[in-house]
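Report on the following structure.
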Amino acid sequence: MASYRRETDSLGEVEIPGDALYGAQTQRAINNFPISGQRMPHTFIRALLIAKLAAARANARLSLLDQTIADSINDAIDQLLQDEKLMQHFPVDIYQTGSGTSTNMNANEVIAHIANRTSIQKVDPNDHVNCSQSSNDIIPTTIHLAAATELEIALIPALSYLASVTRNKAESLSGQIKTGRTHLMDAVPVSMEQTVSAWADQLEMNIVQ
């Protein structure tokens, strides 16, 4: 039988799975938004953690966070970024509050929970992990980071592969001639190689741009 623990926030008491790294606000979001069963993509969560890491470092430099607390936050985020299994602790549905507050608080709670395992000072998810941020700051920033990451590691390699395959296919069609058409009339015949090469050119030009 699964074990549970009880946590209390300003809205009262809530029951949370005993092994969960998140807290009451995340559990309330799970309860309030059981919509699609789809979680935020791992790329998005990783981008959010990187943004939180940058915020902690900036806050420490500005003396808004004690350096010890900032270091604990940094160490916790490093653990999350290195261990893919910990992504299970970000369970909030993608269809939630419009500003992404639930995912923001989910991250704050998980980071604080891990940080407090070793920190000599208490790390608070709101006052420390979320210091100088709001959901309307951190979520749009995360969207940009995630999009840039996906462009670099997914879209551009995929387009490069497609352009390469298209170019190879064009070369294999050099002997195939097709009827040219313009304004609904026959025109100068072109080879299939010319047509398919133009597609490859378009793909390569879009990658560069």
Just wondering, do [Y] and [X] contact through their side chains at under 4.5 Å, heavy atoms?
X: I207; Y: S160; answer: yes
X: T195; Y: V190; answer: yes
X: P189; Y: I177; answer: yes
X: I73; Y: L65; answer: yes

Using a cut-off of 6.0 Å, state whether more than 12 heavy atoms not belonging to E152 lie near its atom CD.
-> no
If you draw a 6.0 Å radius around CZ in R61, do more than 12 non-hydrogen atoms from other residues or ligands fall strictly inside?
-> no
Would you check if the side chain of [X] reaches a backbone N or O of [Y] as a donor-acceptor pair within less than 3.5 Å?
X: D137; Y: S134; answer: yes
X: Q88; Y: K85; answer: yes
X: Q176; Y: S172; answer: no
X: Q96; Y: D93; answer: yes
X: Q38; Y: S36; answer: no
X: N32; Y: R28; answer: yes

Side-chain donor-acceptor pair under 3.5 Å between [X] and [Y], yes or no?
X: T101; Y: S135; value: yes
X: S119; Y: N116; value: no
X: D9; Y: Q25; value: no
X: Q79; Y: D83; value: no

Atom [atom1] in [X], atom [atom2] in [Y]: separation rounded to 0.5 Å?
X: L48; Y: K52; atom1: CG; atom2: NZ; value: 6.0 Å
X: Q202; Y: T166; atom1: CD; atom2: OG1; value: 10.5 Å
X: R167; Y: E171; atom1: CZ; atom2: CD; value: 7.5 Å
X: E109; Y: M105; atom1: CD; atom2: CE; value: 6.0 Å

Linked, directly or transitively: V123 and L86 (ILVMFWY side chains, under 4.5 Å) | yes
Sequence-distant partners of A20, side-chain contact (heavy atoms from CB on, under 4.5 Å), two or more places apart |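 For A20, the residues satisfying side-chain contact (heavy atoms from CB on, under 4.5 Å) (neighbours in sequence not counted) are R5, I16, P17, Y22.
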Only one of L21, T103, L80, T26 passes side-chain contact (heavy atoms from CB on, under 4.5 Å) with F90; say which it is.
-> L80
Does the pair T68 and D71 meet the rule for a side-chain hydrogen bond (donor to acceptor under 3.5 Å, both in side chains), with working shown?
-> CA-CA 5 Å; T68 300; D71 289 342; 5.7 Å; no
